[in-house]
Every structure is written in C-alpha cells, then in structure tokens.
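Keep in mind the model is a prediction, meaning the values are calculated, not measured.
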Amino acid sequence: MTRKAIAHIARKYTDYDMITKHTDLPEFPEGRVRLLQSVLRDQQELGAQAELYPLVTSLVQMGLDTHDMVENAVGDTKAGTLQMRARQMKVLAGDYFSSRFYHLLSQAGQIETVKRLSEAVCEVNRIKVSLYGKMKQMRLDAEEYVNDSSAIRGVLFMSFGHLMTGLYAKLWPELVDQFSRCELFLLELLRLERPDRLSESWGVWHVLREGSDEDRRALEERRHDQGLLGQLMDKYGVADKLASLLRQSASRLQSMLPDLPSDKLAAELQSLIEPFLRGPAKMPAAAIKELG
C-alpha cells in the first residue's frame with residue numbers, strides 16, 4: 001500500500017457529504033503519516049500492520065485536529081445558525097474519526113495498540129490543557145511553546161516506538177520530535193502572513209520573554225491588536241529567528257539519515273525533509289491549509 005493509498009482509504013471515513021457540506025475539516029497529517037509508514041514498512045516482521053497503524057493514527061489525529069477547530073472558534077460570539085451547525089458537526093466528526101480507529105484495530109485483534117493510542121490521546125489532551133492554561137495566564141515562553149506544541153503533534157506517532165528494533169528504536173523519538181518541530185516552525189512562519197493568527201503565535205511568547213519592559217506591557221494589554229503584533233514581529237526579527245530554528249531542525253533530521261540501516265528508507269525520508277529545507281516560499285498549498 002502506498003502513502004497515497006493510505007490517504008485515499010482514510011477519505012472513506014472522512015469524506016461524508018453530511019460532514020463536508022456543513023463544515024471544513026483539518027488537512028490530512030500527510031508528513032507524519034508518511035514518516036511513520038516509511039519506518040514501519042522497514043520493520044519486516046510487522047507485515048500488514050505496517051499499513052494499518054499509519055491509517056488508524058491518521059484517523060485519531062484527524063479527530064483531535066477537528067476538535068481543536070471547535071475550541072479555536074469558541075470565542076466568536078457572533079456565530080449564526082450556520083456557524084453553530086458547523087461547530088456541532090466538527091464535534092460529531094471528530095468523535096466519529098476517533099471511533100473508527102477503535103473499530104479498525106479491534107477487527108484486526110490489535111487490542112494492545114488500542115490501549116497505547118488511547119493513552120497517547122490522553123497525553124496529548126493533558127499537554128493541551130497545560131499549554132492553553134499557560135497561554136491564558138500569559139505565563140509561557142517561546143521554548144515552552146515549541147516543546148509543548150511539537151509534543152502535541154508527535155505524541156501519537158511516538159507511541160509506536162515499542163514496535164521498532166535496533167537503530168530504529170534509538171532514532172525514532174528524535175525523528176518524530178525534529179519532524180514535528182519542522183512542521184511547527186514552517187507553520188509559524190506562515191502565520192506571520194496572517195495578522196489575525198498572531199495572538200497565540202511563537203512570536204508573542206518570544207517577545208514576552210526577550211522584549212523590552214515597554215513592549216511586554218503593550219503586548220499584555222493589547223495582545224489582539226493586529227497592528228501592534230505586526231510591528232513587534234518586525235522589530236524583534238521573528239521571521240529570521242523562526243527560519244533559523246527551522247534550518248536547525250531540518251539539518252538535524254538530515255544528519256540522522258546516514259545512520260539509518262536502509263538506504264531506501266533514507267531516500268524516502270530525504271523527500272519528506274525537502275520542503276523544510278526549501279522553506280515556506282515553496283511550501284505546498286495543502287500544508288498552508290493546515291493553518292485554517
């Protein structure tokens with residue numbers, strides 16, 4: 001089964017008229033799914049499970065991401081009937097996507113994997129609650145934001161480390177962590193082009209830690225002032241700093257490839273890293289859509 005086949009099969013569970021008619025859905029987590037699939041397929045003993053696990057993980061991730069879209073819309077008090085219907089549909093869609101992973105794994109007799117993914121979902125939600133709490137209290141710095149946000153993206157995929165052996169087991173945690181960081185830094189760079197999405201971005205937490213007393217006070221008092229946010233992002237060189245962080249994580253990923261036991265796997269992962277090396281100017285439209 002190819003990576004395209006997994007995305008195609010996943011659409012059997014996500015592309016329902018009732019859902020797509022009333023609401024938008026998050027983008028399929030293609031990069032992380034391809035990373036998981038490529039590494040699992042190199043574990044010969046897994047057989048068909050090497051294709052099942054990326055599929056079910058993509059459905060769980062879609063469920064979590066769909067619910068996040070509801071949470072991010074809660075503050076809109078002007079929502080009409082159509083908006084309320086879309087929110088309700090997102091809740092139901094997220095629940096439905098998550099239920100499919102239980103069904104598919106149970107059919108395959110993979111009860112232990114159900115348990116591990118369920119535990120990973122709990123961990124994702126724990127990190128989210130902690131992160132959102134720190135955001136609300138404005139008690140967050142840029143490093144914490146990166147650590148928590150990249151963990152939220154990677155925890156589900158990290159849960160398959162127990163299936164890997166040798167160098168795969170050793171390299172897997174860092175592969176997932178650095179890949180998640182690359183995705184995050186790319187999306188943060190794209191946020192700079194969306195003034196309406198800056199209020200909880202990396203740049204805000206960077207300025208709150210590194211900015212002058214005057215700028216920090218202004219940010220705390222006018223966090224949703226798009227003009228102020230844009231000025232501060234420029235003043236503190238946020239774009240350049242994010243680009244540097246992206247290069248660091250992408251370079252670290254690339255440096256790990258020669259250590260992989262398989263040249264074929266190294267080539268597959270190189271293709272996944274290329275968009276990070278090119279930067280946001282040539283980022284695929286599908287990835288841009290992930291910002292909502």
Side-chain angles (χ1 to χ4, degrees), residues 26-27 29 31-32 65 68-69 71-76 124 127-155 177-253 273 275-292:
E27 189 63 23
R32 281 161 285 157
D65 292 346
D68 280 346
M69 294 174 72
E71 295 167 1
N72 291 336
V74 167
D76 183 2
V124 168
I127 298 171
K128 285 180 181 178
V129 169
S130 174
L131 176 62
Y132 298 158
K134 287 182 286 188
M135 283 181 168
K136 186 175 182 179
Q137 298 172 15
M138 301 291 280
R139 295 181 177 177
L140 184 70
D141 62 34
E143 184 177 356
E144 287 179 304
Y145 175 78
V146 170
N147 290 339
D148 287 353
S149 298
S150 59
I152 287 169
R153 302 179 74 86
V155 165
D177 179 56
Q178 294 297 337
F179 194 91
S180 298
R181 287 169 182 263
C182 284
E183 287 188 332
L184 175 66
F185 293 139
L186 258 180
L187 291 175
E188 289 293 326
L189 279 164
L190 288 167
R191 275 195 182 197
L192 296 176
E193 302 173 10
R194 294 279 302 274
D196 59 316
R197 301 298 298 274
L198 289 176
S199 64
E200 294 181 347
S201 67
W202 181 89
V204 166
W205 314 114
H206 172 72
V207 174
L208 281 175
R209 182 180 177 89
E210 304 294 337
S212 67
D213 291 343
E214 180 182 357
D215 287 339
R216 290 201 302 270
R217 282 195 300 270
L219 190 53
E220 289 172 353
E221 295 170 359
R222 299 158 56 197
R223 180 175 162 190
H224 298 284
D225 183 328
Q226 294 181 19
L228 172 67
L229 290 172
Q231 292 172 11
L232 292 176
M233 299 303 107
D234 290 340
K235 179 177 180 178
Y236 288 94
V238 168
D240 288 341
K241 289 180 172 62
L242 283 169
S244 177
L245 289 169
L246 174 59
R247 286 193 297 271
Q248 290 175 29
S249 286
S251 296
R252 176 55 188 152
L253 275 175
I273 298 171
F276 304 141
L277 297 172
R278 291 195 299 265
K282 297 183 179 180
M283 192 176 183
I288 296 174
K289 182 182 175 183
E290 192 171 337
L291 282 175

- Query: Do L198 and Q226 touch side chain to side chain, with heavy atoms closer than 4.5 Å?
  - Reply: no
- Charged N to carboxylate O under 4.0 angstrom, K128 versus D68? yes
- Kindly indicate, with the supporting measurements, whether the criterion side chain to side chain contact (heavy atoms under 4.5 Å, CB included) is fulfilled by S150 and F185. CA-CA 9 Å; S150 59; F185 293 139; over 6 Å; no
- Item | Contacts of type ring pair (Phe, Tyr, Trp, His ring centres under 6.0 Å), residue F276, not counting sequence neighbours | F179
- Message: Once side-chain contact (heavy atoms from CB on, under 4.5 Å) is applied, do any residues pair with D234, and if so which ones, sequence neighbours excluded?
- Response: none
- Task: Among M135, E144, E210, R139, find the one that has a side chain to side chain contact (heavy atoms under 4.5 Å, CB included) with W205.
- Result: M135
- Audit row: L245, W202, side chain to side chain contact (heavy atoms under 4.5 Å, CB included) steps and yes/no: CA-CA 11 Å; L245 289 169; W202 181 89; 3.7 Å; yes
- Task: Evaluate side chain to side chain contact (heavy atoms under 4.5 Å, CB included) for S244 paired with R247, printing each intermediate quantity in order.
- Result: CA-CA 5 Å; S244 177; R247 286 193 297 271; 3.8 Å; yes
- Message: Could you tell me if the side chain of L242 sits less than 4.5 Å from the side chain of L192, heavy atoms only?
- Response: yes
- Item | NZ/NE/NH1/NH2 to OD/OE distance under 4.0 Å, D213 and R217 | no
- Out of curiosity, I127 CD1 to S149 OG, how far, rounded to the nearest 0.5 Å? 10.0 Å
- Query: Measuring from M138:CE to L208:CG, what's the distance to the nearest 0.5 Å?
  - Reply: 4.5 Å
- Message: A quick test of your reading: do over 12 heavy atoms of other residues, nucleotides or ligands sit less than 6.0 Å from CD of E214?
- Response: no
- Charged N to carboxylate O below 4.0 Å: is that the case for E200 and R223? yes
- Nearest-0.5 Å distance, CG of residue L232 to CZ of residue R216: 12.0 Å
- Note on the structure: Rounding to 0.5 Å, atoms OH (Y132) and CG (D148) come to a distance of 10.5 Å
- V204 to M233 - nearest heavy-atom pair and separation: N-CE, 4.0 Å
- Item | Min side-chain heavy-atom separation D225-Q231 under 4.5 Å | no
- Item | Member of H206, R209, K134 meeting the side chain to side chain donor-acceptor pair (under 3.5 Å) criterion with D141 | R209
- What's the spacing between L246 CG and L186 CG if we round to 0.5 Å? 5.0 Å
- Task: Would you confirm whether R32, through its side chain, and R153, through its main-chain N or O, come within 3.5 Å as a donor-acceptor pair?
- Result: yes
- Query: Can you check side-chain hydrogen bond (donor to acceptor under 3.5 Å, both in side chains) on Y145 and E188, steps first, answer last?
  - Reply: CA-CA 11 Å; Y145 175 78; E188 289 293 326; 2.5 Å; yes
- What is the distance from atom CG of D177 to atom SG of C182, rounded to the nearest 0.5 Å? 9.5 Å
- Taking it one step at a time, do L219 and L229 satisfy side chain to side chain contact (heavy atoms under 4.5 Å, CB included)? CA-CA 8 Å; L219 190 53; L229 290 172; 3.4 Å; yes
